[in-house]
K.L.:
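Once you've had a glance at the structure underneath, I'll fire off some questions.
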Amino acid sequence: MEKLQRFGYPVFFAVMAVLPHLLNPRWQAVAITFLIFAVVALSQDIVLGKCGMFNMGQALFFGLGAYATAILNSKFGWPMLATIPVAILVPALFGILLAGPIVHLRGDYLLVTTIGFNIVFVQVLQNDLGGLTGGPNGIFGLDAMNLFGLRLASQVSVYYFAFAVLLFTLWLMHNLETSKAGRALHYLREDQLAAESIGINARVYKIFAFGLSAGIAGLAGTVYATQYSAVSPEAFDFIQSVLFFSIVIVGGSSVPGVLLGVFVMFVLPEIFREFATWRFFIFGFAMILAMILRPRGIWPAKFGRIPAYLVKESKHGA
Amino acid sequence: DTLKVGVQAPITGSYANEGQGIDNGVRLLAEQINAKGGVLGKKIEVITCDDQGTAMAAAICAKDLVNQGVKMVIGSYTSTCAEAAQKTYFDAGVIQTSDGTADSLTEKGYWTFLRNSFPNSAEAEFAANYMVKVKKYKRIVIISDFSTYADGLANATEAAVKKLGGNVVSRDKIKADSQNFTPVLTRIKAKNPDVIFFAGYYTDGGQLRAQQVALGIKADFIGGDANDNPDFAKLAGSAAKGAYIVNVPSPDVLPYDIAKSFIAAYKKKYGIMPASIWGLMNIDGMRAIIHGMEQTKSFDTKKVVEYLKNMKEPLPGITGPIAFAEDGNRKGGSYVVKMIQADGSYKHVYVQ
Amino acid sequence: MSKDVLFEIEDLHVSYGSIAAIKGISLQVRKGEIVTILGANGAGKTTTMRTISQLIKAKSGSIRFKGRELTRMSAHQVVRLGISHSPEGRRVFGILTVEENLLLGAFTRKKVDPEILRWVYELFPRLEERKKQLAGTLSGGEQQMLAIGRALMSNPEMLLLDEPSLGIAPILVKAIFEQIREIARKGVTVLLVEQNAKAALKLADRGYVLDVGRIALAGTSEELLASPKVQEAYLGKKH
Amino acid sequence: MAPNELILKNVTKRFGGLVAVDDLSMTVAPGQIYGLIGPNGAGKTTVFNNITGIYRPEEGSIRWRGEELVGLPPHKIVARGIVRTFQTIRLFGEMSVAENIMSGRHIRSSQGWWHGIVHTPGSRRDERENWKKVEEQLEFFDLGEYAAMPAGSLPYGIQRRVEMARAMAVDPTLLILDEPAAGLNDAETLQLLETIFRIRDKGVTILLIEHDMDMVMEATDYLTVLNFGKKIAEGTPEEIQQNPAVIEAYLGSEDDE
Amino acid sequence: MDIFLQQLANGLTIGSMFALVALGYTMVYGVMRLINFAHGDLVAASAFVGLTIYTQVMGQATSLAAVIAIFLLTAGVMACVGVLLERLAYRPLRTAPRLSAVVSALGASLVIQNGVMLIWGPQMRIFPELVPQVYYTFGGVVISLMQVIILVLSLVLMIALYLFVEKTRMGAAIRAASIDQDAARLMGINVNQIIVLIFVIGSSLGAVGGLFIGLYYRGITFNMGWQYGLYAFIAAIIGGIGNIPGAMLGGMLLGLFNAFIAGYVSSTWADAFTFILLIVILIVRPTGILGERVAEKV
Ligand SMILES: Nc1ncnc2c1ncn2[C@@H]1O[C@H](COP(=O)(O)OP(=O)(O)OP(=O)(O)O)[C@@H](O)[C@H]1O
Ligand SMILES: Nc1ncnc2c1ncn2[C@@H]1O[C@H](COP(=O)(O)OP(=O)(O)OP(=O)(O)O)[C@@H](O)[C@H]1O
Ligand SMILES: [Mg+2]
Ligand SMILES: [Mg+2]
């Protein structure tokens, strides 16, 4: 897998870079959604995969970002690009505030609170809180991106915007992996008591994970709002969170795993759209089968990201 | 070389039977037209996309259909899905005709959108008038679910009732498909209402009515148009009797000849009645657009829409005469109030 | 020897995935004997015990108890044959009380024999004191007593003990070893895994020394105690 | 600065009706290897849990270098140089040995949480330096060959060593070991003993629970004996070995030796 | 006051349905640490199975005996489905990481839900009025015969289950298996058999719940289970998961919250308030109201 990874990445990036020119508009739309979901799923992975907190409410943060962009653009006339910082900060802030009181909960108890937050969020949207969210309709007809006076309305330009966001996210993930903070999350997942006994402030790092994850998901929300020129509550409901959750588990908590997870859980069903009523029946079987065949995910997280010079003296081999 | 007609409808999901009804109808009409030589010499080719009743799938469908080169799109059933797809069709100059009744559908100025049903506001005014002026209810309760359509209809009705000086004692919401409505109804019971107006779908409406009667709430029950489905009476069971439903006339009582022949053909081909009047509304929308193409002798959608909005005489339709106003709304529209009989059949008690 | 052999392992191979942990061991235990298995960390002692109990499946080889082949049985059937296992790491039911744990030990009996319960409480009076405490909050040593006591509750013919002295105070180690002798005297055959080689050999009749999955030495306790190899590897401490 | 001195005064910890630690006072002098022994359930591990902040004693004070520890959360106690190992090993099982040891560097690293998002030259340097420290520990504990292996799959004895290495990576001033020799055979115990002496030689104070009396006699400078949460004796190993109360409660008579 | 009592009755009725479904969750969770997301869909499926048994097998008979037979047959069929589900979707994942089994459960949920749709169609199906529409009025409070049946039968089933788990040998085996499966095997407990038993019990209780839904609300749809599953799961967690009285309490509380919030506070905000309340409960009692028994020692 190591080798695959070394050659895999450049090939992947190269393919992704030319992809929109090979696809018709429908598949361009699918590809863009793939990129958006990949970013959300990677953000979900920070909390779920890396830190081991069962979060089933990631669509909340995704939606917060999308709505932040939509509201600022439609009600206050901000250009789409200018909304990005807000679409990152608002979810991040909410991530921190919501995580504060709940990160001490274990496993399934945390799961339920995150589901609860997600449900509350959707109801707030539907009830058109403060006249801002557009009720059950959501908000339609947002502007296109504007970059240096260039109106980026075409699908291809939205694609590259989404791609840039994915690259940015991957860079963040890499930084996280090779830092004290990122490792702290891993330690917390493996054994919280041991981690605390070695000096890790569990609370702070768990909240950090939520905040970071929410910020990234919020950024993906902006891309979503750009792509559909619209946001509506059901795009961010609990079922959507379940999808992100499953993506990380099916894929395995690694970057290639998450990308593959999005492919399997989102793109494949699109390909098999012709099966119409049979689609989800078969898809359900596929999910079960995927887990049975690869219980740790298609491409499981691999540990041992340690400097090469430490590995050299392995005498006996594994 | 064919004329491509898109169908965007919920083939799966909660509204699957409505969506499949639209699809069936469009395919039947296309067959009939093709048998007569097609449109301006081109045969119709139908392309269906399943929007599952969700906005996101609808957005993807829109891009897909546009890409496949459709000239017109029939559907979708829900306002939410029609709305999510609107801008894409507008950008591509594809005519969209939907039975979605949310007022917002025609408020954005997309010339590509033609509503083949009547907007919520029309029904709301009719219903309000019936409740306040005709039945002289003093204490009115309005309930909806959270959907675009239902919430919109309920809000419009509330506004219309208030405009007529009526008294809305409670405005509530239920969660669609949640089945348990007794808590809300119990609260309403305390308000001692004369009538409960429910602006939601029949699946909830039937149960709402049953639970209303079970709780001993004496008020009348008036359901909005989406309650017009035989299952309403089945769900409400013995409680169905005496409930009112507001709608345009039902398919089986449609007095028009075209209606009779089309429904007969439909029954012959599919072995069932059309799911509801909504599918037929969409068929009328499609007929109008094709009529426009034939009259203008052109596939230029802009010209066709121009023509349709300026017709001198409305086109006779399955669901009544059809013509469009400048904003894309269907002109005219007549509503009736039906009361459910003990055997589940309807009796028209008030006609506009 | 084969006449009164109660239990026999023949050419057993066990592996975890691709890693072979047991590479062909054979051993025999006669009725009423105490036999000990010694070996360094990771030698495969626990693996052997777990394979006997069928918690792990052998790759090949046979394990016979009173002539019955165990490798084709599942774990609960092995217990019903009269083999009881006090596992490494104790594995007491943490959120059940001490007494509930003991009663579960007698699950294979239709009825709990009050005699046996009384006997276990006699062996380990501390358990009686704490019978209403949740087992998970017992100290390590107390849990070890509970694990042994629980294994005795089914009135087994053969008892498998995996490091019963781990984490136990010296006085109690002596007591536990004394009780093991007591148990053996009652006719229960004991297979004992121990780090504490000297004490184990003093208790046992015979012993096997395991080295990375193979039997390196076998013999009576006296022979092993006297063997320079054992002296060096396991009894190599000062004194 | 106050010396590396640990002083427990009248510490009491209860669980419901059970008094697990009962009015315990003891003083660990700088540079000592201090032993805590006693029968099973005497409260030894509970004492450790109180020192390291996992439990909070109902009464009494625990001072390290003159500073009160009671009430501090575990991570703050580690920050004061106090690290422990566990009676049942608690490693990060799926992670490599090197990463396990790196976890010990957590509080010594100068990186903030924001360096998890953006790296700076400073954070990169810090990262390199800490890996160097890990390398030192790998050498010190002779774990080099296992560096990249997942800790959970290693034999017990090696895992014990990894746990010590992780603790030592913190650069502790007080190292707390809960039954480090449990499950080791005699040869391995000897090796462990040697390691402990080498750690002591680095100036680390060591507090130790152990049931292997041979090892306790060899290793410790001073002992406290608990029974039912109470101190029943203290003194040098030689004194303790002769103490009749200890023999009765803990050691047992030597008659069968 | 009438209104209050009426809401209480409403809440208890729906609450006991949640509780029945929650028990299935809790039992499976207890032994397998698995959030069986397919459980809600089993509940929905049982309503359809029950309806088919009524029309096809019982020939639309409406006698009391026929109704009882429907309950028993449906419970039997669903028990088999539950066991099959365990075999196919969960057993292969016994030793896999916990969340893998959760995703497998989500997949199973899709399979069952869409399987129901493929067999019975996407439309709502409607139950006949099998239980006479009899109402009892006490002051201003109206309670239907069906509500009484639901309440009484649920309570009886719950208490029976509780006694079974706490007082019998089999129950002790279930509890042991729920703590440490390997150790349970060493006690001579056939863990596979226990798991099958768990699924039989859980699915049968779910079947009763599904039939209640059909008989009480009468309209059943292929996708209705998801909602009941979610609520029941939440009820189980709130009560302290793995804990049988906890699941009952959680279910009842959820039903009552629902009724009182929708009834007294706001119907538009009912979900939001309910969940905020639940979250607050968990923040205050991190392992549910009755708590999970934990005894972790270091
Ligand atoms: N679950 C497992 N997966 C992979 N390898 C394992 C597993 N359990 C044990 N091993 C390996 O099998 C070998 C034998 O282990 P075993 O536990 O039987 O040793 P042991 O003699 O009981 O040692 P100890 O004295 O430490 O208890 C070791 O190399 C160990 O690392
Ligand atoms: N969390 C807890 N809840 C209740 N009782 C506890 C808890 N932790 C420990 N105890 C009890 O406190 C007493 C002391 O336990 P502790 O673990 O400190 O013993 P110990 O001296 O370390 O014994 P060992 O040598 O067997 O490890 C024991 O009786 C134990 O059952
Ligand atoms: Mg072992
Ligand atoms: Mg201890």
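First the proteins, then the strands, lettered A, B, ... as listed; each starts at 1.
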K.L.:
Tell me whether A:N118 contacts the main-chain N or O of A:F236 through its side chain, where contact means a donor paired with an acceptor under 3.5 Å.
P.N.:
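Checking the backbone N and O of A:F236 against the side chain of A:N118, a donor-acceptor pair under 3.5 Å is found.
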K.L.:
Please state whether the side chain, the backbone, both or neither of A:L129 comes within less than 4.5 Å of a heavy atom of chain E.
P.N.:
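For A:L129, the side chain is the part near chain E, not the backbone.
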K.L.:
Fit a plane to each ring of E:F199 and E:Y90, take the angle between them on a 0 to 90° scale, and name the class: parallel (under 30°), tilted (30 to 60°) or perpendicular (over 60°).
P.N.:
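E:F199 vs E:Y90 ring planes: tilted.
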K.L.:
Side chains of A:D237 and A:Q240: any donor to acceptor distance under 3.5 Å?
P.N.:
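No donor-acceptor contact under 3.5 Å links the two side chains.
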K.L.:
For chain E, find which of A:L105, A:T113, A:D108 contributes the most heavy-atom pairs closer than 4.5 angstrom.
P.N.:
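The candidate making the most pairs under 4.5 Å is A:D108.
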K.L.:
Side chain, backbone, both or neither: which part of E:L230 has a non-hydrogen atom closer than 4.5 Å to chain A?
P.N.:
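The side chain, not the backbone.
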K.L.:
Hey, which of A:M291, A:H104, A:Q123 has the most heavy atom pairs under 4.5 Å with chain E?
P.N.:
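Of the candidates given, the most pairs with chain E belong to A:Q123.
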K.L.:
Contact part of A:L110 toward chain E, heavy-atom cut-off under 4.5 Å: side chain, backbone, both or neither?
P.N.:
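Contact with chain E is absent: no heavy atom of A:L110 under 4.5 Å.
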K.L.:
Using non-hydrogen atoms and a 4.5 Å limit, figure out which bit of A:M56 sits close to chain E: side chain, backbone, both or neither.
P.N.:
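Contact with chain E is through the side chain of A:M56 alone.
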K.L.:
Could you check whether atom CZ of A:F94 has more than 12 heavy atoms from other residues, nucleotides or ligands sitting under 6.0 Å from it?
P.N.:
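No, the 6.0 Å shell around CZ holds no more than 12 heavy atoms from other groups.
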K.L.:
At a heavy-atom separation under 4.5 Å, does A:I292 approach chain E through its side chain, its backbone, both, or neither?
P.N.:
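Both parts, heavy atoms under 4.5 Å.
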K.L.:
Kindly assign one of parallel, tilted or perpendicular to the pair E:F260 and E:Y264, based on the angle between their ring planes and the thresholds 30° and 60°.
P.N.:
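Geometry flag for E:Y264 against E:F260: parallel rings.
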K.L.:
Determine yes or no for a side-chain-to-main-chain donor-acceptor pair under 3.5 angstrom, with A:T114 supplying the side chain and A:N55 the backbone.
P.N.:
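Side chain of A:T114 to backbone of A:N55: no pair is present.
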K.L.:
What residue, out of A:G116, A:G284, A:P101, has the most heavy-atom pairs lying under 4.5 Å from chain E?
P.N.:
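That would be A:G284.
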K.L.:
Under 4.5 Å heavy-atom distance to chain A, tell me which part of E:W226 shows up: side chain, backbone, both or neither.
P.N.:
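The side chain, not the backbone.
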K.L.:
At a 4.5 Å cut-off on heavy atoms, which part of A:I115 comes close to chain E: side chain, backbone, both, or neither?
P.N.:
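Contact with chain E: side chain only.
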K.L.:
Where the side chain of E:Q181 meets the backbone of E:V31, is there a donor-acceptor pair that is under 3.5 Å apart?
P.N.:
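Yes: the side chain of E:Q181 pairs with the backbone of E:V31.
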K.L.:
Parallel, tilted or perpendicular, judged at 30° and 60°: which one describes the rings of A:F34 and A:F263?
P.N.:
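If you compare the ring of A:F34 with that of A:F263, the planes turn out perpendicular.
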K.L.:
Between the side chain of E:R33 and the main-chain N/O of E:G30, is any donor-acceptor distance below 3.5 Å?
P.N.:
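Answer holds: yes.
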K.L.:
So what's closer than 4.5 Å to chain E heavy atoms on A:V124: side chain, backbone, both or neither?
P.N.:
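Both backbone and side chain.
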K.L.:
Does anything in residues 35-43 of chain E reach chain A? List residues with heavy atoms under 4.5 Å apart, or say none.
P.N.:
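Only E:I35, E:F37 of residues 35-43 of chain E have a heavy atom under 4.5 Å from chain A.
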K.L.:
So which part of E:A270 gets closer than 4.5 Å to some heavy atom of chain A, the side chain, the backbone, both or neither?
P.N.:
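Contact with chain A is through the backbone of E:A270 alone.
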K.L.:
Quick one: what part of A:F121 sits under 4.5 Å from any heavy atom of chain E, side chain, backbone, both or neither?
P.N.:
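Neither part.
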K.L.:
Count the heavy atoms belonging to other residues, nucleotides or ligands that lie under 6.0 Å from CZ of A:R296, then report whether that count exceeds 12.
P.N.:
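Not more than 12 within 6.0 Å, no.
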K.L.:
Looking at E:L282, E:L290, E:L277, which hits side-chain contact (heavy atoms from CB on, under 4.5 Å) with E:I238?
P.N.:
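Single pass found, and it is E:L282.
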K.L.:
Would you check if the side chain of A:R203 reaches a backbone N or O of A:G100 as a donor-acceptor pair within less than 3.5 Å?
P.N.:
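Yes: the side chain of A:R203 pairs with the backbone of A:G100.
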